[in-house]
**Q** 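One structure follows; several queries about it will come next.
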Amino acid sequence: MNDKLALPVGTTLDRFIMRKQEEFPYASGELSQLLRDIALAAKIVNREINRAGLIGVTGAFGNQNVQGEEQQKLDVIANIRFIRALRNGGEVCAILSEEEDDIILTGNNKGKYIVAIDPLDGSSNIDVNVSIGTIFSIYRRISDADLGSTPADCLQKGTCQVAAGYIVYGSSTMLVYTTGHGVNGFTYDSTLGEFFLSNPNIITPKTGAFYSCNEGGLNSFPDGIKNYLEYCKNEGYSARYIGSLVADFHRNLLKGGIYLYPQTAKTPSGKLRLMYECNALAFIIEQAGGRATDGTKRIMEIVPSELHQRCPLIIGSVEMVNKVEEMLVKEEALH
Ligand code: P6P
């Protein structure tokens with residue numbers, strides 16, 4: 001579904017958010033303000049990423065997060081920056097962060113929204129200057145404001161998202177988001193401290209020639225995935241895998257392509273997290289005309305049971321995802 005109101009390239013993010021809010025007569029401005037809060041934190045994190053090598057914030061922090069993954073210093077910094085911006089913004093009653101074991105209650109009991117966030121995804125790439133990203137989902141709270149936020153607020157299906165987006169800190173820094181009315185991309189001009197509309201109404205190509213997958217896990221992939229990867233090679237597709245989900249996703253969104261992180265022996269439920277990686281990108285890709293599945297069901301239909309649960313992810317151009325699904329079903333029928 002595309003936007004009713006087409007705004008020109010060069011529109012600032014602030015003006016874009018304001019003009020889009022005008023399309024909803026009953027909107028009271030909290031979601032708009034929340035998007036601004038996220039953009040503010042992104043500007044701060046962008047600055048620290050760009051100076052990481054100069055201010056001694058590269059490398060490992062020395063802790064492991066709830067995922068058992070080595071936290072990088074910038075993981076911790078980004079987590080602090082986004083949590084602070086969301087808490088101070090006042091619109092959010094609870095935050096689910098990849099870097100926090102439990103839900104963070106912000107104390108804003110009147111806050112209407114929940115944010116699930118991966119503050120800095122792909123952080124192992126920071127020290128080698130490869131693009132990294134932030135991924136976020138926004139949900140409306142379902143708990144009673146007077147009784148305070150509950151875990152159920154943070155365990156909603158992807159179809160309940162009211163907004164989702166990512167920031168890719170790459171050759172340029174871009175914020176891409178949807179509120180369910182199309183997908184728009186904004187490029188950051190650090191000299192002005194503003195995001196400007198650069199990619200209005202993004203529609204992802206129905207097919208593409210890029211496939212993104214860590215084939216190091218090939219031997220333990222499901223047969224249908226193995227068959228699809230063989231198909232990609234026979235079709236002459238190009239393997240493009242940066243090891244940074246947001247960067248791989250962003251390229252495939254714009255150019256057409258598919259990203260696959262299936263279940264493996266090492267990661268039997270897949271590696272990526274449903275609540276703050278897969279759901280957000282699934283919302284975006286569907287709004288742009290693509291698809292996202294775990295191999296058996298639509299990502300946004302998965303009913304969450306744990307805050308940090310993982311799921312296999314197959315996401316990108318609709319015809320490519322359909323082909324994977326076809327091969328998985330065919331293999332399933334043989335057993
Ligand atoms: P592997 C980064 O840790 C991440 O979550 C994604 O950004 C990336 O696509 C994937 O994991 C890389 O995982 O197993 O290929 O190193």
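Remember, it's 1-based here, ligands and their atoms both numbered in the order they're listed.
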**Q** Listed by chain and number, what are the ring pair (Phe, Tyr, Trp, His ring centres under 6.0 Å) partners of Y228, not counting sequence neighbours?
**A**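 In terms of ring pair (Phe, Tyr, Trp, His ring centres under 6.0 Å), with neighbours along the sequence ignored, Y228 is linked to Y231.
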**Q** F16 vs F186 aromatic rings, parallel, tilted or perpendicular, using cut-offs 30° and 60°?
**A**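 F16 and F186: perpendicular rings.
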**Q** Go ahead and list the nitrogen or oxygen contacts between ligand 1 and the protein that come in under 3.5 Å, distances to 0.1 Å, or just say none.
**A**
from	atom 1	to	atom 2	distance (Å)
ligand 1	3 (O)	K271	NZ	3.4
ligand 1	5 (O)	D121	OD1	3.3
ligand 1	7 (O)	D121	OD1	3.4
ligand 1	7 (O)	D121	OD2	2.5
ligand 1	7 (O)	L245	N	2.7
ligand 1	9 (O)	L245	N	3.3
ligand 1	9 (O)	Y259	OH	2.7
ligand 1	11 (O)	K271	NZ	3.0
ligand 1	13 (O)	K271	NZ	2.9
ligand 1	14 (O)	Y261	OH	2.6
ligand 1	15 (O)	N214	ND2	2.9
ligand 1	15 (O)	Y241	OH	2.6

**Q** Can we call the ring centroids of Y276 and F136 under 6.0 Å apart?
**A**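 No, the ring of Y276 stays outside the 6.0 Å limit from the ring of F136, centre to centre.
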**Q** Just say parallel, tilted or perpendicular for the rings of Y237 and Y211, cut-offs at 30° and 60°.
**A**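 Geometry flag for Y211 against Y237: tilted rings.
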**Q** Go through the structure and list residues passing salt bridge (Lys or Arg N to Asp or Glu O under 4.0 Å) with D127, not counting sequence neighbours.
**A**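 With sequence neighbours excluded, D127 shows a salt bridge (Lys or Arg N to Asp or Glu O under 4.0 Å) to no residue whatsoever.
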**Q** Write out all pairs satisfying salt bridge (charged side-chain N to carboxylate O under 4.0 Å, His left out) with one or both partners inside residues 250-262, taking only residues at least two apart or from two chains.
**A**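 Residue pairs with at least one partner in residues 250-262: D248-R251.
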